[in-house]
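Here's the structure, in structure tokens; my notes come after.
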Protein chains: 2
Amino acid sequence: MDQVNLKKLAKELNLAVSTVSRALRDSHEISPQTKERVRELALKLGFQPNPHASSLRQNKSKTIAVIIPEIENNFFSQVINGIESVTPSKGYHVLIYLTHEDYNKERDILQLLRNGRVDGIMISVSNSTTNTDHIDAWRQAGIPLVLFDRTCEELDVPNIMTNDAEMAFKATEHLLKRGCKQIAFLGMAGNLSISNRRKAGYLSALEKYKVAAPPQIVELATKDYTNREILNELFRRQPRPDGVFAAIEKFAVNTYEVCKELNLHIPREVKVISFSNLQAAALFDPALSTIIQPAYDIGREAANILFKIIEKKMLMPYEKRMILPSQLMERASTAINSERL
Amino acid sequence: MDQVNLKKLAKELNLAVSTVSRALRDSHEISPQTKERVRELALKLGFQPNPHASSLRQNKSKTIAVIIPEIENNFFSQVINGIESVTPSKGYHVLIYLTHEDYNKERDILQLLRNGRVDGIMISVSNSTTNTDHIDAWRQAGIPLVLFDRTCEELDVPNIMTNDAEMAFKATEHLLKRGCKQIAFLGMAGNLSISNRRKAGYLSALEKYKVAAPPQIVELATKDYTNREILNELFRRQPRPDGVFAAIEKFAVNTYEVCKELNLHIPREVKVISFSNLQAAALFDPALSTIIQPAYDIGREAANILFKIIEKKMLMPYEKRMILPSQLMERASTAINSERL
DNA sequence: AAATTCTTTGCAAACGATTTCGAAAAATCT
DNA sequence: AGATTTTTCGAAATCGTTTGCAAAGAATTT
């Protein structure tokens, strides 16, 4: 046995295991002198309590899980960064799980974690998730849970998101003010509340500005290949959209690709704006106008709220449904024809 | 007690706890009938073994840690994706730790994990890491460990990386063949082996092609602001570089920003090539020529090797130092002046 | 039929930390 | 001085699972 544990410390110091444990946890019922002796030896031997023994006894893991659809996406990376900005100070560890936009994986992961491995989870649901029973079951089990970005607002759990509808409205309005008459909305297939919020914002802008052309809602998937085919068709059809509002970055990229293919000039023939957290959007040809989500803040706030729940503190009403504002960054892809950005 | 555990199953079935445990682990010493009875009830009650108790008893955590400098970087995201492509099938969980390029954090994290919380770690060292004692201590403790990308080749641990020197050579050669006379190398400050490999490739290309101009090695940090200042100065000085080889993507982005600021045309006045795993590099203005690292494969292979070590299998010689080739993607940022890409 | 193996199960001791309870010693109060 | 409280510590139970060992019964061999 080369691992140093409480028993070894106790024997070395001629103390009981319980005394050593208490001393290290700074219990009031241990004399300062004893504490000092214990601490000194613990430091010298580099003692570190076995986390599994602690977790078993105390029934908490000091670990949370973050469940996201994908990781090759700046938004989720930034969220993780935000989460990680609070976890170390809480002495917590972060497990990452990827659903790859697969409902079954998502359900299985939640099932897998219902054994005390984590003290709570933060989840952004996959776009193939239509049934939320697995999440509701988790909620009912009383294990701390926070949803972010891809939320399920019908469930009574904290939801942290951005002002999707409002920004979708502004994005559409922006295109309209730039002269677009025929704006297409590129949204995620599925029935995510986030998609619906963005779609609603798009529709309400069209309505408010009494746009003659009917709304053009295109549902895309996560496969680039088919997306490009669909967009190719969209841009060949008459009337051709002169404005594109992409609900997610990938669709904007696909739009750029197809426009290049079809020799459609952005922004002269087609203006493009998109939700995106890509730093490099400013370097695109042309620079892409974006709606930037406060991803880092979403991660940080979601983590803070999760810890409040874990620590059994009361949540303020605004923490149960927190909305952090996005920012519209106007760039060349939505410039009016004469304009130079 | 609403949690279902072995004791509850045993009582319900009128069996000993040990029998139930063995039945669920499909031990040969339990009769098929008993196994079936146990499995049935376990399924019915949704029994899931407590991982902390298991870990404590078996002295393994079924968890690995991935320690990286940052996560807002496509390369590391893709690596994580690659890692995650093997962990679930091994029944393993993945903890993520960020060092934020801080040696002290890196050391502390390694220290923090030396208590059995993880069965092994995969690490890409921070660029402020000059001392590798913390990693060597980990190695000496005999806990499975794999280094990837930002490796420490002087240590006797498996290193998984790409052919940095070769690709740096090719990148520099590419710029030379495109007519560059004065190529600057933008490398990371610090003394990482990866930086040295890339720098060496750059230098050997200059040497092979007998370039008259002296090498121009610029060391940049991770702060955008100072980087831009340094580059600004670089491009105002005579002789002005007509080619830039960026060792990391961020520096290429900085170069683009500064060139735009100074009205230097890429690729006419300055050609740029960079290590980068950014999908959207093709959409840049101009499209950025890149050296694409097999990030996903690096993650997958590193994980596979780590599991071989965890499972105490012998490593093949090539697994102790694995080199996965990168790919040079020629785009507009290195086009010769007349050429259109 | 006796001796032996094999199969199947139970008992109890780990794993290492935390915590309840109680006891001895010291300090404070009548 | 005696009674009472406070301080300080130890013994043992506990968390839930795994596993060495023993034991009983069944099956096989001699």
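Throughout, protein chains are lettered first and strands after them, A, B, ... in sequence-line order, and every chain is numbered starting at 1.
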- What residues, two or more places apart in sequence or in another chain, satisfy ring-ring contact (aromatic ring centres under 6.0 Å, His included) together with A:Phe75? none

- Query: Looking at residues at least two apart in the chain, or sitting in another chain, which of them share a ring-ring contact (aromatic ring centres under 6.0 Å, His included) with B:Tyr103?
  - Reply: B:His134

- Pull out every residue in residues 34-56 of chain A that has a heavy atom closer than 4.0 Å to any atom of DNA chain D, ordered by number, or say none. A:Thr34, A:Leu56

- Query: Which part of the nucleic acid, if any, lies within reach of B:Asn115 when heavy atoms closer than 4.0 Å are counted: base, sugar-phosphate only, or nothing?
  - Reply: nothing

- Hey, does B:Arg25 reach any base, or is it just sugar-phosphate, or nothing, if we go heavy atoms under 4.0 Å? sugar-phosphate

- Query: Can a donor-acceptor pair under 3.5 Å be found between the side-chain atoms of A:Ser31 and the base atoms of D:dC9?
  - Reply: no

- Task: Look at the side chain of B:Gln58 against the base of C:dC15 and say whether a donor-acceptor pair falls under 3.5 Å; ignore hydrogens and angles.
- Result: no

- Item | Under-4.0 Å salt bridge between B:Glu101 and B:Arg150 | yes

- Message: I'd like to know if B:Lys90 pairs up with B:Asp119 as an ion pair, taking the criterion as any Lys NZ or Arg NE/NH1/NH2 lying under 4.0 Å from an Asp or Glu carboxylate oxygen.
- Response: no

- Over its full length, what angle do the end axes of the helix from C:dA1-D:dT30 to C:dT30-D:dA1 make, each axis taken from five pairs and the result rounded to 10 degrees? 50°

Output side-chain donor-acceptor pairs under 3.5 Å for residues 152-161 of chain B, partner residues at least two apart or in another chain, one line each.
{"unit_1": "B:Glu153", "atom_1": "OE1", "unit_2": "B:Arg321", "atom_2": "NE", "d": "2.7"}
{"unit_1": "B:Glu153", "atom_1": "OE1", "unit_2": "B:Arg321", "atom_2": "NH2", "d": "2.8"}
{"unit_1": "B:Glu153", "atom_1": "OE2", "unit_2": "B:Arg197", "atom_2": "NH1", "d": "2.8"}
{"unit_1": "B:Asn159", "atom_1": "ND2", "unit_2": "B:Val157", "atom_2": "O", "d": "3.4"}

- Message: Side chain of A:Arg57, heavy atoms from C-beta onward: which of C:dA12, D:dA11, D:dA13 has the nearest atom to it?
- Response: D:dA13

- Minimum-distance nucleotide to B:Leu15 side chain [options: D:dT17, C:dG10, C:dA17]: C:dG10

- Sequence-distant partners of B:Pro144, side-chain contact (heavy atoms from CB on, under 4.5 Å), two or more places apart: B:Leu306, B:Ile309, B:Ile310

- Query: Any side-chain donor-acceptor pair under 3.5 Å between B:Ser18 and B:Ser21?
  - Reply: no

